[in-house]
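Okay, structure first, notes after.
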Amino acid sequence: KGKQSKHLVPQSTVQFAEIGGQERAKNELKEALDFLKHKDQIEQYGIRPLKGVLLTGPPGTGKTLMAKAAANYTNSAFVAASGSQFVEMYVGVGAQRVRDLFKEVKALAEKNGQDSGIIFIDEIDVVGGKRDGQQQREYDQTLNQLLTEMDGIGTSVKPRILIIAATNRKDMLDPALLRPGRFDRHISVDLPDKTAREQILVIHTANKPLASDVSLEQVAQETFGFSGAQLESVANEAAIYAMRDQSEKIEARHFAYAVDKVMLGEKVDREASG
Ligand code: ATP
């Protein structure tokens, strides 16, 4: 039991509306999800069931949020894992983890009375990357297990399972993963443009007291290249500065500090990693 609960996360309550920007990506994903919702028609027309959706794009752009929103939207059981969790010293452990993941989502769906389940695998490239070297055998078994499980997903099998995977290195993926009937639908989740940045800032300041000199449009203007995760940090850091200042509200200067801090933090990270 202890082992099982490892991948389990609380059932998702994330709504698509809580994801700023990403309109195209959200629409493409919803369209794909309608395959889960209109199961009977899919069967009637003999359409091959959609099994895998690949979300591609830089870190912190909301891929995990999208997967959670997808589970909520389709009332699916939800389990999540990261590719790096499958890497072990012992051959066979990764493959066993894949089996467990599928078992877990099925058990969860059954327990909750849901007829579909979504498995989210972040950093899929760790498992499904093209490579050679020492750990190849272990990775191959893990990848093969994933492919076997995916091939076993049928239209009439209950619960219907959809796998959503995320990567920022699509070019690195093993072609076997991208074949029809596997991850054959790709949705790119890009860095937000200015309008999207403002939307994201609005979302993450909704619970914060903003002074009247704060213009989120202005902040959005000054955060070119920031990801959603970085914008969330900006909102949070600005609030921290305001609190330290004992300022009743968060002012424009707190945002200015926060933008600098997040920008600088990124630079420091980049330098440290070479
Ligand atoms: P990674 O590839 O690093 O796992 P990701 O693309 O999965 O990143 P998330 O984990 O979904 O990114 O985002 C991290 C956090 O950043 C979210 O919990 C949220 O607070 C914020 N965030 C990212 N993108 C958005 C967005 N489009 N709208 C609102 N918040 C966002």
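Order of listing sets the numbers, starting from 1, for every ligand and every atom in it.
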I'd like the residue list for ligand 1, meaning every protein residue with a non-hydrogen atom under 4.0 Å from the ligand.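 Heavy-atom contacts below 4.0 Å: Glu18, Ile19, Gly20, Pro59, Gly60, Thr61, Gly62, Lys63, Thr64, Leu65, Asp122, Ile200, His204, Gly228, Ala229, Glu232.
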Can you tell me which residue pairs pass the ring-ring contact (aromatic ring centres under 6.0 Å, His included) test with a partner in residues 206-232, sequence neighbours excluded?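 Qualifying pairs, neighbours excluded: none.
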Going by atom types only, do Glu222 and Gln218 share a side-chain donor-acceptor pair under 3.5 Å?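 Note: Glu222 and Gln218 side chains meet the donor-acceptor criterion.
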Looking just at side-chain N and O atoms, do Ser247 and Glu251 make a donor-acceptor pair shorter than 3.5 Å?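 Ser247 vs Glu251: donor-acceptor pair found between side chains.
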Run the salt bridge (charged side-chain N to carboxylate O under 4.0 Å, His left out) test against Asp151 and tell me which residues pass, sequence neighbours left out.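 Expected list: Arg182.
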Under the rule for salt bridge (charged side-chain N to carboxylate O under 4.0 Å, His left out), what residues qualify as partners of Glu198, not counting sequence neighbours?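 With neighbours one apart ignored, the set is empty.
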Which residue is it: Asp174, Leu177, Val98, Thr142? I am looking for the one with a side chain to side chain contact (heavy atoms under 4.5 Å, CB included) to Leu147.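 The residue from Asp174, Leu177, Val98, Thr142 that satisfies side chain to side chain contact (heavy atoms under 4.5 Å, CB included) with Leu147 turns out to be Leu177.
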